[in-house]
Every structure is written in structure tokens, then in C-alpha cells.
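First comes the structure, then the notes that go with it.
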Amino acid sequence: MIRVRFAPSPTGYLHIGSARTALFNYLYARHVGGKFLLRIEDTDIARSTEESTRSILEGLAWLGFAPDEEIVYQSENAPKHRAAAARLLDEGKAYRDFTPKIETGDKSIKEAIVERARANQGVKNLRDNEYRDLPKAESDARAAAGEPFAIRLKVPMDGTTSFTDAVYGPLDRNYDEIEDLVLLRSDGHPLYNLAVVCDDIEMGITDVIRGQDHLTNTHKQILIYEALGAAPPRFAHLPLILAPGGKKLSKRIHGEIVSMTTYRDAGFLAAAFRNFLALLGWSAGEEREIYSMEELIEKFSLDRIHQSNATFNFDSNNPRRWTDDKAIWMNAEYIRTMPLGELLPFVKDELKSAKLWRDEYEDDEKTWFETTIDIIRERFFTLKDFSMQGRAYFSEDFDFDQAALDKNLKKFPDLRTWLPELGERLESLNEWTHDPIYNLVAAFAEENGTKLGVIMNGARAVLSGVAVGPSMIAVFEILGKERSIMRLKSQVAWNL
RNA sequence: GGUCGGUUCGUCUAGGGGUCUAGGACACCGCCCUUUCACGGCGGCGACACGGGUUCAAAUCCCGUACCGACUACCA
């Protein structure tokens, strides 16, 4: 039985890259009929927050990735991690390091690392820790005396670790490039590599699918597996998702755009976003981009995952490009092509939260409502559009887009009298359907010696508040006779 | 600094020695449709990082260089 896990650390919201990792784990599990598990890696007490855990869970729930078993909280396993470290110590596979903890000072950690490495240039022997071969009795005595110590893994003097990554192929690393890594901090806290390995063993994980940033960690983890006497799982490392310019996507500099909840709140459909994410770093090798979840599951395979990082394209200075164009396009594609019945619940939620929902839409006005949604969704990109651009269809209290007014209304002052006149004329219509309306409007335009387009565009501005929308006659029909005439006669738009 | 990984249109990608004058999608531009439009249709722009090999033949294999990324922590 294949068992995979998604293991985020709760130090922020669900990051777009993490969401993609979760997706791939989920797709793989479903594809092979295995289990998809979730583990919250909250061992970093200084940075982990409950708020973050909640946000991650919310993001996963929105995407629809429910774990098949109880969620594991890594911090709760700390006693087991300590026991594992103690065992390795006992067996002589790890040792106590009494070196006092070094503070990094005010330099950034990265800088400190690079500086140290540069200074050591090629002369550093990673096996030269003075406590590595401290006699057991002495080590025990010092520990008993209360001297603080960290526990480090005793990496063998020479040899190499190697594994075959499902994405990157065979990889190996010399022991002399791997430091005797700390398993347990001097304050007793287990560190990442130990915790991950222990938990993966405990959870029976068979395949680890995670970001490529863990590629080099994998060698250290394999060393821990070996020390613990456990067989390592299979590994598949995913290419990273970067910001434009090839930089790492980060909360600090890129803000909300990296958070999953942003997309939910912006009116994205989870199905569309999953589809978009699936194509970032993976492809089925076909010339097509729309895949249902079932199709994704069926076609997914580790060996079609890319080795090169992908750029998530957006322009924070351009509101139209606030996120990746393709993601927006895909969402629009879903909105206009998915079965209407599947879309309706989402529209309902959106209208409800905008206080535009009326229960009649599911009762007396069901037909009107469904027809209307079906017509207006044609030009929409997100669920938000139903309550923003589409507001005029559901409420008398809607805003007018200034650009639409300038371009289609105010440019033709005659419309100020024409539109109310047209409204008057429309009163006489007995049958409120396409042909009669069209004929009347067309005749009206001709009488006044103007192009039909001028009347139509002006009417659109006044009736819907925007310049974009379905066929104008359809707007008349949707709005109905009474509301159409009322808005044609209204002068409010002229005073804005 | 070291180790490892990566590099095809602006972006996501197809391709894995000949079918590649490199295919698709998004974006962009043009035309058509149309009463408007960010729908639709048609078309256009646009890429194998660079240099050496190997080969009859290289985007595809090898080497080097450049660039990018990750790791190099008592962070995860």
C-alpha cells in the first residue's frame, strides 16, 4: 500500500508551492490507490502558530484535499524523537556535543553560513568535532553533571549516500560533504531531519514527494534512516515555483499573492486552480490544458514531472495582472464552460456574501435566475464578477463604471432625451422578447438618424452600469420590461 | 567559497539523435463576427543560454563557460 504525506510547517498561510506539493501527493495517492496523509510540522516552536495551522487547513479544505487518516502533529511526537536520538546515542551512532551553542549575532543566518564556509575553504574536515570520540564514560559523566549538550549523528568517515529520485534520477553525495548533523538541540528539542525521518517511519510513508529544496537534505535523512535501521522510502522532488525574475516566492516581498486563501477570496474555483497548479511542473504530454480532477488522477505520473523550476507570472504594479494570466484565463474557462448546475452553488454563495441573494432565485424566479447566470457568465473571470460587474442584474443599487459612461453615454448628449423617449416607446410593447424589442430599438435609432450602436451602448451603460456584457437585447430581456424602462428614464447616470 | 541541481517563445509547456523551416496554451498584435465586449473564428509576433566536441545527422549525447536555484543552521 502506497502511503504519501503532505507535511507543511505552520509558519505562514498555505503557500502556492506547498499547495502544488499537496496536489501532487494527492494525485499520486489517488492514482495508485494509496493513502494521502497530512502532518503538521510544528517543531519550530519559535515560528509555528496555530493561526497558521488553521490557515493551511482552510486552504487544503478549499482545494478539496482531505487526509485519509488523522492529522499528525509533529510536536506531539517529540518524546519519540528524543527516544530515537537516545537510542542512537546508546548504540554509538550518535554522540553528545558539549560545544556551547554559537549565536549568529546580528548578521543574517545566510551570510554567517557563507562567511564561515568561505573561511573554512576546503580545509574543513567535517569529522573533526572534538566530542565525536569522547569516551562513553566521560560523556555520560559530563551529561550527568548537568553540562548542556546537543546530540549529533556520527556520520561515517567515508562513503557516499545515494538514492534514485523519481524526478531527478540517481543522485549521490560524499560523506565528507555532510556535517555531523544535530539531531537534538541542547534544550532537548528534536530538529527537522530527525523528526521527519522518525515520523515518516512511524506513519509508514512509502513515497516522499516534496520540494526540490530538500534534495540535499535527503542525503542526511538517508543517513538517519540507516542509523535507525529502517529502509528509506522512495523520493520524488518537485521543481520549485518561483517569482518573476527567478527569485523565490516569499510572503515578505510578494505578499498575499502566494497565499491560497487569496485565490479563494478572489473568486477562484478550486477546480480551476487545481488544474492550473497541476500544469506547473507537470504535463501529461498532450496539447491540452483543461483536465478534470478525475482526468488528472488518471493521467498523473511522477516521471512526467519537470526538473526545472517554473515561474509564477504576475505583475504587482498592474492590477489587471495581479496574478498569473493563465490562472485567470483558466478560471474564466471553468466559469463559462462548467455545467451550470455545478456553478450555481458558488454563485449563490457569492451573491449571499454580497447581500444580493434572494430565496426566490431558487423558487419562483429559478428559471429567470438560471438563464441570467448562464448568459452573464460568458464574460466573467471570477466568482466575484457576479456580484461586482453583474450587480445590476440583482439589485437597483449598483455603481456605474465611469469609463463606460464617458465612452458610451456622455459622448452623445442626445442620449439624454433619446433614452427616456425609448423607454416611453417600449411601454407599448406587449411581447417582451427579442424580435419586438430589437425591431423597436432599430426603428427608433433610424428615426433619430443615429447608429443603432449608439443607442445600444448608451442603453447598456444606463441599464447595467458597465460597458461589457451579453448581447444588449438579452440584457433587456433579463432585466424585464419594467426595470429596463425605469432605468432608461432615470437620469442618475448623467449626474455622475 | 564548496557540493548538488537546472537552462526550449515574455510565461506555462511538447519534444529525449533524422518526422523540428521546433508543436500547443496564456499574454500581446491584426483581421473577421457583432449593437458593445475581456466570448467565438482566423492569422501574426515570438524560443532550443553560449562555446566546443561526438555523429552522415544534435533542441535532443559529451565537455567547458555563463546564468539561475537549492543546500551548506542547536530553521523547516
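The sequence lines fix the lettering, A, B, ..., with proteins before strands; numbering per chain opens at 1. Predicted model only: the values in this text are computed from it and were never measured.
Under the 30°/60° scheme for interplanar angles, the aromatic rings of A/Phe398 and A/Phe400 are found to be tilted. Using a 30° and 60° split on the angle between ring planes, A/Phe273 and A/Phe276 fall in the tilted class, from 30° to 60°.
In this structure, A/Leu249 atom CG and B/C12 atom P are separated by 12 Å, rounded to whole Å. Between A/Ile305 atom CD1 and B/G5 atom P there is a gap of 18 Å when expressed in whole angstrom units.
The minimum heavy-atom distance linking A/Lys220 with A/Asn193 is given by the pair CD-ND2, 3.9 Å. Of all heavy-atom pairs between A/Ser464 and A/Tyr393, the closest is CB-OH, 4.2 Å. For A/Leu89 against A/Ile151, the heavy-atom pair with the smallest separation is CD2-CD1, 4.0 Å. Heavy-atom minimum distance, A/Gly458 versus A/Leu409: O-CD1, 3.8 Å.
A salt bridge is absent between A/Arg132 and A/Glu130; no separation between the charged side-chain nitrogens and carboxylate oxygens falls under 4.0 Å. Contact check on A/Glu295 versus A/Arg288 returns a salt bridge, with a Lys/Arg side-chain nitrogen under 4.0 Å from an Asp/Glu carboxylate oxygen.
The ring of A/Trp432 has its center no closer than 6.0 angstrom to the ring center of A/Tyr438. Remark: aromatic rings of A/Phe314 and A/Trp322 are distant, center separation not under 6.0 Å. Taking the six-membered ring where the residue is Trp, the centroids of A/Tyr95 and A/Tyr131 are separated by 6.0 Å or more.
Not a single donor-acceptor contact under 3.5 angstrom links the side-chain atoms of A/Ser471 to the base of B/U36. The base of B/C39 has none of its N or O atoms less than 3.5 Å from a complementary donor or acceptor on the side chain of A/Arg336.
Heavy-atom distances under 4.0 Å link RNA chain B to no residue of residues 439-448 of chain A.
B/G51 and B/C63 make up a base pair, with Watson-Crick or G-U wobble contacts both under 3.5 Å.
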Just by protein heavy atoms under 4.0 Å, how would nucleotides 66-76 of chain B read 5' to 3' in B, S and -? --SSSSBBBBB
Summarise how protein sits on nucleotides 17-25 of chain B as a single string, 5' to 3': B when a protein heavy atom is under 4.0 Å from the base, S for sugar-phosphate-only contact, - for no contact. ------BBB
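Using a 4.0 Å heavy-atom criterion, one finds that A/Ile455 contacts no nucleic acid atom at all.
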